Amino acid sequence: MFPPMKKKTLRLLSHPVLIGLMGCGKSSIGRRLSRKLKMPLVDLDDVIVEEAGTSIPDIFAQDGENHFRDLESGALANHIGRRVILASGGGVVLRKINRKLLKSHPPVIWLKASPEFIAGRIAGDPNRPLLANQDALIRLTELAAERYPLYLECADLVIERESMDKDEITEHIIKYLKKRVKA
Ligand code: S3P
C-alpha cells in the first residue's frame with residue numbers, strides 16, 4: 001500500500017482512460033483509482049444510459065448497435081480530456097474517430113484479459129447484448145480477435161489482467177501515473 005499522496009502530486013497526475021473487453025474490470029478498477037486519486041470516475045456506459053434514459057440492452061434492441069455506437073462516440077468526445085478517470089465500453093475502439101481521440105489523450109490503459117477469464121465472470125449476464133443467446137466463450141474469442149489489435153493501437157500501457165488482482169492493478173497504474181509525472 002502507498003502512503004497518502006501529496007496534494008501537488010495528485011494535481012500533476014494525468015487522468016487515465018481504461019479500455020478492454022467487457023468484463024475485464026474497467027469499472028471496478030476505475031472506482032478504486034477514483035477513490036485513491038480523489039479523481040471522479042466517468043463510466044461511458046453510465047453516461048449513455050443516463051442520457052438515453054434506457055438500458056444498454058434496450059438501446060441495442062430498439063435502435064440497433066449502430067445507434068449505440070453513435071451515442072458512445074458522442075459520450076467519448078464529450079468526456080475525454082476532462083480531469084476524470086474514464087472507463088470506456090469494450091467496443092469504443094471500433095470506430096476510427098474514437099481511436100484517434102483516444103490516442104491523442106494519453107495515458108490509455110488496456111486491461112488485457114483472455115476470453116476464458118472473462119467468460120467465467122460474465123456468462124449469463126443479461127446486460128451484455130453482444131453475448132445474448134450465444135456461447136459466451138466463442139463470441140468473446142471473436143471479439144478478442146477483432147479488438148486486441150485495436151486496443152493495442154490505442155494503448156500507452158498494457159496490463160495483463162490475470163497476472164494481478166484488482167488492488168494490485170490499481171497500485172500498478174498509480175505507480176505508472178506517478179512515473180509519468182517525473183518523466
Ligand atoms: C460493449 C461493451 C459494454 C457496452 C455495450 C457494448 C462491447 O461495455 O458498452 O454492451 O461492444 O463490447 P463494458 O465493456 O463496460 O461491458
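Order of listing sets the numbers, starting from 1, for every ligand and every atom in it. All values derive from a computational prediction rather than experimental measurement.
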Mind checking what residues have non-hydrogen atoms under 4.0 angstrom from ligand 1? M22, K26, D45, I56, F68, R69, G89, G90, G91, R128, P129, L130, R147
Should D70 and R95 count as an ion pair when the cut-off is N to O under 4.0 Å? yes
Parallel under 30°, tilted from 30 to 60°, perpendicular over 60°: which one fits the rings of Y148 and W110? perpendicular
Is any side-chain heavy atom of L177 closer than 4.5 Å to a side-chain heavy atom of P107? yes
Is a salt bridge present between E65 and R69, judged by a nitrogen-to-oxygen distance below 4.0 Å? yes
K166: partners by side chain to side chain contact (heavy atoms under 4.5 Å, CB included), with sequence neighbours left out: S28, I29, R32, R121, R161
Among the clusters formed by ILVMFWY side chains lying less than 4.5 Å apart, do Y176 and I85 turn up in the same one? yes
